[in-house]
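Take a look at the structure set out below.
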2 protein chains.
Amino acid sequence: MSQIPLARRSPIPPENCNLARAIELIGDRWTMLILRAALYGVRRFDDFQSELKCPRTVLSGRLKTLVDAGLLTKRAYKVPGKRARPEYVLSAMGISLRPILIGLTQWGDVWLGQGEPPPISFTKAGSKGAIRAAFVDAEGREVRPDQIRAVLRG
Amino acid sequence: MSQIPLARRSPIPPENCNLARAIELIGDRWTMLILRAALYGVRRFDDFQSELKCPRTVLSGRLKTLVDAGLLTKRAYKVPGKRARPEYVLSAMGISLRPILIGLTQWGDVWLGQGEPPPISFTKAGSKGAIRAAFVDAEGREVRPDQIRAVLRG
DNA sequence: CTGAAAGGGTTCGCTTTCTAAATCCAGAGG
DNA sequence: CCTCTGGATTTAGAAAGCGAACCCTTTCAG
């Protein structure tokens with residue numbers, strides 16, 4: 001049943017594991033929902049708020065954390081006749097989470113979709129077939145899940 | 001700078017988005033750390049506890065949630081001469097999160113690694129080069145991030 | 001036949017975080 | 001000036017997190 005052999009401990013202690021660090025940073029309901037919205041193009045405080053329906057205190061705290069961590073960049077935008085306001089746009093660091101959230105979307109489509117077809121799918125520009133998250137080698141060829149091997153440094 | 005066009009709302013309301021549902025389920029610090037450990041082979045209550053150093057109350061609650069959601073399966077194991085104990089093993093649903101957590105590991109290696117080489121890397125069985133999370137089309141060929149297009153159903 | 005050990009929890013208070021609602025604040029327009 | 005609007009902070013109560021202690025069952029040792 002389980003392909004994963006029993007272990008009493010993970011091979012890497014969580015306190016110097018980059019996965020654990022990433023979880024520490026973005027492994028939070030509101031933070032992830034903020035990133036989801038940001039990847040769809042939402043940038044403004046009130047837009048986030050009406051999208052997420054989260055407390056404004058939490059939103060402003062999370063935005064600050066994400067800016068400090070470098071995932072979002074705070075900059076001013078100005079609609080003519082209105083005062084300048086800040087907006088929160090994804091940095092390269094934030095945008096590079098996109099494959100992960102798309103992967104999680106597709107995982108949700110499979111396991112949590114309640115039998116309905118997925119409301120959003122992803123294709124390659126100019127073609128029609130769906131694409132999916134997978135692993136590739138240096139040449140860009142797919143590696144099947146059962147062929148993945150973990151290698152510890154040291 | 002930002003390739004993502006401004007939006008006031010996400011195209012899919014969070015309440016029927018499978019990504020939002022997935023975040024609801026696993027988008028939590030302890031839950032994700034439990035899954036991380038489980039993917040490394042940890043199965044037993046006390047092993048999780050000494051790995052994560054989280055309150056036992058929180059651990060037992062999260063394990064219950066994950067079993068109820070179908071990510072973990074609770075079953076008995078028996079060491080000869082000891083009493084039978086439950087263990088928590090990943091189901092197919094849980095194992096299929098592996099690419100996502102590996103992807104997040106690699107994201108952390110790039111952005112949170114503090115310049116150090118990653119403590120763990122991933123290769124294809126029988127070869128040496130590193131593999132990475134990416135998108136592939138139906139034929140298993142890589143699709144570059146800038147070629148990804150989202151398609152709404154409807 | 002006691003008694004301790006070991007794994008897997010629950011109970012119990014205390015602290016932190018979340019949440020909702022109200023309030024503040026700065027600048028543009030009238 | 002007075003108001004409107006988007007971005008945030010304050011405040012007080014609810015929920016969740018936390019550490020320590022305790023409980024429960026079986027197994028082994030004396």
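For clarity, every value in this text was computed on a predicted model and none was experimentally measured.
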Per the under-4.0 Å heavy-atom filter, residues of residues 23-42 of chain A near DNA chain C come out as A/Trp30
Taken in chain and number order and not counting sequence neighbours, the residues that satisfy side-chain hydrogen bond (donor to acceptor under 3.5 Å, both in side chains) with A/Trp30 are none
* Can A/Val151 be reached from A/Val136 by stepping across I, L, V, M, F, W or Y side chains whose heavy atoms are under 4.5 Å apart? -> no
side-chain hydrogen bond (donor to acceptor under 3.5 Å, both in side chains) filter on A/Asp47, not counting sequence neighbours, yields B/Arg8
Worksheet item: So do B/Met32 and B/Arg62 actually touch side chain to side chain, heavy atoms under 4.5 Å?
Response: no
Reading nucleotides 24-30 of chain D from 5' to 3' and marking B where a protein heavy atom lies under 4.0 Å of the base, S where only the sugar-phosphate is that close, and - otherwise, the string is -BSSS--
Axis-to-axis angle across the helix from C/dC1-D/dG30 to C/dG30-D/dC1, five pairs each end, nearest 10 degrees, ~ 10°
So the contacted stretch of DNA chain C, first to last nucleotide with an atom under 4.0 Å from a non-hydrogen atom of chain A, runs from C/dC18 to C/dG29
Residues in residues 56-70 of chain B with a heavy atom under 4.0 Å of DNA chain C, by number, are B/Arg56, B/Thr57, B/Ser60, B/Lys64
For A/Ile148, the hydrophobic cluster (side chain heavy atoms closer than 4.5 Å, chained through members) also holds A/Ile12, A/Phe135, A/Val143, A/Leu152, B/Tyr40, B/Ile102, B/Ile120, B/Phe122, B/Ile131
query: Should the heavy atoms of other residues, nucleotides or ligands under 6.0 Å from NZ of B/Lys53 be counted, would the total exceed 12?
result: yes
NZ of A/Lys78: more than 12 outside heavy atoms within 6.0 angstrom?
yes
Contacts of B/Arg144 meeting side-chain hydrogen bond (donor to acceptor under 3.5 Å, both in side chains) (sequence neighbours excluded), chain-then-number -> none
> Under a 4.0 Å N-O cut-off, is there an ion pair linking B/Arg44 with B/Glu51?
Replying inline: no
Worksheet entry | From CA spacing to verdict: side chain to side chain contact (heavy atoms under 4.5 Å, CB included), B/Leu63, B/Ile34 | CA-CA 8 Å; B/Leu63 289 173; B/Ile34 288 169; 4.1 Å; yes
D/dG6, OP1 or OP2 - any side-chain N/O from A/Tyr88 closer than 4.0 Å? no
For the pair B/Arg85 and B/Asp46, find out whether any cationic side-chain nitrogen is under 4.0 Å from an anionic carboxylate oxygen.
no
Review point. Across the strands shown, which category fits A/Phe48 at heavy-atom distances under 4.0 angstrom: base, sugar-phosphate, nothing?
Key: nothing
Residues joined to A/Tyr77 in its hydrophobic cluster, side chain to side chain under 4.5 Å directly or through other members, sorted by chain and number, are A/Val79
A/Arg141 meets the salt bridge (Lys or Arg N to Asp or Glu O under 4.0 Å) criterion, sequence neighbours left out, with A/Asp137, A/Glu139
Sequence neighbours excluded, the answer for side-chain hydrogen bond (donor to acceptor under 3.5 Å, both in side chains) partners of A/Ser96 is B/Trp107, B/Trp111
Practice task
May I ask you to say whether A/Arg132 pairs ionically with A/Asp109, meaning some side-chain N is under 4.0 Å from a carboxylate O?
Solution key: no
When rounded to whole Å, the CD to C1' distance for the pair A/Gln49 and D/dT9 reads 14 Å
Here the distance between atom P of D/dG6 and atom CG of A/Asp47, to the nearest Å, is 9 Å
